[in-house]
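For reference, the structure is listed below as structure tokens.
If you're wondering where the values come from, they're calculated on a predicted model, not measured in any experiment. Below, read A as the first sequence line, B as the second, and so on, with proteins coming before strands; counting in each chain starts at 1.
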Number of protein chains: 2
Amino acid sequence: MVNAGKRSGRPRAGEERLSREAILTAALRIVDDEGIDALTMRRLAATLQVNPMSLYHHLPNKSAVLAGLAELVFADLTPVNRTDATNPADSADQATAAAAASWQDQLKEAARAYRNGLRAHPNLALQVLADTSAVSGVVVATMEPFYRALDQAGLSPREIFEAANTLIDFIHGFSLGEASVRADTFELAPDLIAQVNALPPGKAPTLTRIVGELGETGLAYDFDSGFESGLATVTAGIAARR
Amino acid sequence: MVNAGKRSGRPRAGEERLSREAILTAALRIVDDEGIDALTMRRLAATLQVNPMSLYHHLPNKSAVLAGLAELVFADLTPVNRTDATNPADSADQATAAAAASWQDQLKEAARAYRNGLRAHPNLALQVLADTSAVSGVVVATMEPFYRALDQAGLSPREIFEAANTLIDFIHGFSLGEASVRADTFELAPDLIAQVNALPPGKAPTLTRIVGELGETGLAYDFDSGFESGLATVTAGIAARR
DNA sequence: ACCTGAACACCGTTCAAGT
DNA sequence: ACCTGAACACCGTTCAAGT
């Protein structure tokens, strides 16, 4: 109601309509509701009941809006935002819980949490995964749980670095596939079988045979079990190379 | 020279200027040379010296152009395009060479070839990796070398399916990272160190410590060795879970 | 300082008209 | 059948002007 009147010029103190945060929040809502293509500067301004040009006082251009959104997603993904241990009891509990699980289980938990964070905004996943801003503070903080688990595995710093990169790459690739299909309509099995059967005979004999042996039921695919399988493989590989 | 005259209407027999293939070839050149944003229907028409609307007689819309480009990349990626063994000697040679290498080495070679195919058009990588057309004939044929190697490892059909998916997901995630940075300006090490050091103290203690122990020289990163490391890990994981 | 209006240089695509 | 011209409904962004 406060913003109902259409005035122009600088707003009075206490009734600022715009801020970087408000703009990004509105942008995230548009993307979540209607997809990345629905996000235009003009549309964004309209939902904020503001002139399109006003946005440029808070963000330099559209790609800064997209980068800001990617940052938001990673910020949500970062676990507890504790800069120091203000509650020793909680800290102790956490440490105990962490120590109880094997490093493999800790690593898998970190991976599941990371994947879930990326799934929270499927329409944004591609943008998030592609954005070069991937080297930014919020993103880097996101890697801590992976490093913690791998540290407990007794790996060298170099090995920790490489193992974390490998696992994160797998999660990115998996999430890309997961985000690229609108989950409602997609079924991997029939599509894959149809495509394989449509291949010129002899072009991919092993693929054809294996998919045939699997059969339609054997191929029943869900993303959750596919993720767990890949996670088990990567974890086993890290363990094997210690 | 044949096309120098500006006529309108239907071209005479034998001087067709446009075809789906010609359009896609021109589009690929634009994307390779100037990036994905430079590809517009109007620009594409201009380089073909044709009215923008003419394109719509060969491709339904712009996203069909992008999907067609993704298809081109995968087609280049598919190995020998042999529908039957017309040359028994060649076939035998190939089989012998394949049998000589371990399944691990075959799998790694398949992975390297796949990565190299994705690197051939870096400006298109994101589009290729994201496009849902990823479930299409050319893409499926691309998976044959992975299936062949995994079949020799003695895995069950289900295990082959899952292992191939895991490895391909890793390659996709890796390639995404590789494509997201313009290789000329990017250096991971200084950026990562700077970001980690900028973190509020205590926010990511393990990460901070490990990166510190690695040091600037230890972090000297190149994509080739990062890829080999991940490849070794995933392959070891597949072997360990047999 | 912050917001606005008008304008510029683009887009993708439809539709009716040419040959 | 294939290509064109004009038009529609959009874009992101600059720039000068308001308060």
Side-chain angles (χ1 to χ4, degrees), chain A residues 2-28 30-31 33-70 123 127 131, chain B residues 2-28 30-31 33-70 123 127 131:
Chain A
V2 150
N3 294 331
K6 297 187 189 177
R7 293 183 319 96
S8 66
R10 185 180 191 182
R12 291 189 197 84
E15 54 167 290
E16 323 281 337
R17 284 193 280 202
L18 243 38
S19 65
R20 193 187 119 100
E21 200 196 348
I23 293 173
L24 291 179
T25 304
L28 185 56
I30 292 175
V31 172
D33 290 352
E34 306 174 44
I36 195 91
D37 288 339
L39 183 67
T40 69
M41 296 302 268
R42 295 172 116 108
R43 172 95 164 68
L44 182 52
T47 77
L48 288 162
Q49 303 195 59
V50 118
N51 185 288
M53 298 315 114
S54 303
L55 304 174
Y56 289 84
H57 289 275
H58 303 271
L59 289 150
N61 50 41
K62 186 177 180 179
S63 72
V65 176
L66 291 171
L69 289 182
N123 294 339
Q127 173 63 35
D131 203 304
Chain B
V2 149
N3 294 330
K6 297 187 190 177
R7 294 182 319 97
S8 66
R10 186 181 190 181
R12 292 189 197 85
E15 54 168 291
E16 325 279 337
R17 284 193 281 202
L18 241 39
S19 65
R20 193 187 119 100
E21 201 196 344
I23 293 173
L24 291 179
T25 304
L28 185 56
I30 293 174
V31 172
D33 290 353
E34 305 174 43
I36 195 89
D37 288 338
L39 182 67
T40 71
M41 296 302 268
R42 297 173 115 107
R43 172 97 165 67
L44 182 51
T47 77
L48 288 162
Q49 303 196 59
V50 118
N51 186 288
M53 298 314 115
S54 303
L55 304 174
Y56 288 85
H57 290 276
H58 300 88
L59 289 152
N61 51 42
K62 185 177 180 178
S63 71
V65 176
L66 292 171
L69 290 182
N123 293 339
Q127 173 63 34
D131 203 303

Inter-residue atom distance B:I23.CD1 - B:L69.CG, 0.5 Å rounding: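 Interatomic distance, B:I23 CD1 to B:L69 CG, rounded to 0.5 Å: 11.0 Å.
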Gap between atom CG of A:L24 and atom CG of A:L66 - 0.5 Å precision: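 Here the interatomic distance stands at 10.0 Å.
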Contact list for residues 53-62 of chain B, test side-chain hydrogen bond (donor to acceptor under 3.5 Å, both in side chains), sequence neighbours left out: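 Sorted result for residues 53-62 of chain B: B:N61-B:S63.
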Pairs where residues 52-61 of chain B contributes a residue and the test salt bridge (charged side-chain N to carboxylate O under 4.0 Å, His left out) is met, not counting sequence neighbours: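 Those involving residues 52-61 of chain B do not exist here.
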Residue pairs involving residues 44-54 of chain A (criterion salt bridge (charged side-chain N to carboxylate O under 4.0 Å, His left out); sequence neighbours excluded):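 Residue pairs passing salt bridge (charged side-chain N to carboxylate O under 4.0 Å, His left out), neighbours aside: none found.
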Separation of D:dA7 P from B:N51 CG (nearest whole Å):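 B:N51 atom CG is separated from D:dA7 atom P by 14 Å.
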Atom pair distance, as rounded to whole Å: CG in B:L66 and C1' in C:dC11: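 To the nearest whole Å, that distance equals 14 Å.
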Consecutive-pair stems (3 or more, Watson-Crick or G-U, under 3.5 Å) for DNA chain C: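 Ordered by first number, the stems with DNA chain C (at least 3 consecutive pairs each) read C:4-8 with D:12-16, C:12-16 with D:4-8.
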Distance, P atom - from C:dA9 to D:dA9, rounded to whole angstrom: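 My reading of the P atoms in D:dA9 and C:dA9 gives 22 Å.
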Pairwise C1' distance, C:dC8 and D:dC10 [rounded to whole Å]: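 Between the two C1' atoms, the distance is 15 Å.
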Heavy-atom protein contacts under 4.0 Å, nucleotides 12-17 of chain D, coded B base, S sugar-phosphate only, - none: BBB---
Of the listed nucleotides D:dT4, C:dT4, D:dC3, the one nearest the side chain of B:L18: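 Nearest listed nucleotide: D:dC3.
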Scan the side chains in residues 40-48 of chain B for donor-acceptor partners under 3.5 Å anywhere in the protein, sequence neighbours excluded, and list what turns up.
unit_1, atom_1, unit_2, atom_2, d
B:T40, OG1, B:R43, N, 3.0
B:R43, NH2, B:E34, OE1, 3.0
B:R43, NH2, B:E34, OE2, 2.2
B:T47, OG1, B:L44, O, 3.1

Phosphate contact (D:dC2 OP1 or OP2) by B:S54 side-chain N/O below 4.0 Å: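 So the side chain of B:S54 is outside the cut-off, no N or O lying under 4.0 Å from OP1 or OP2 of D:dC2.
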Other residues, nucleotides, ligands: >12 heavy atoms within 6.0 Å of A:D37 CG: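 Atom CG in A:D37 is not packed in, count stays at 12 or less.
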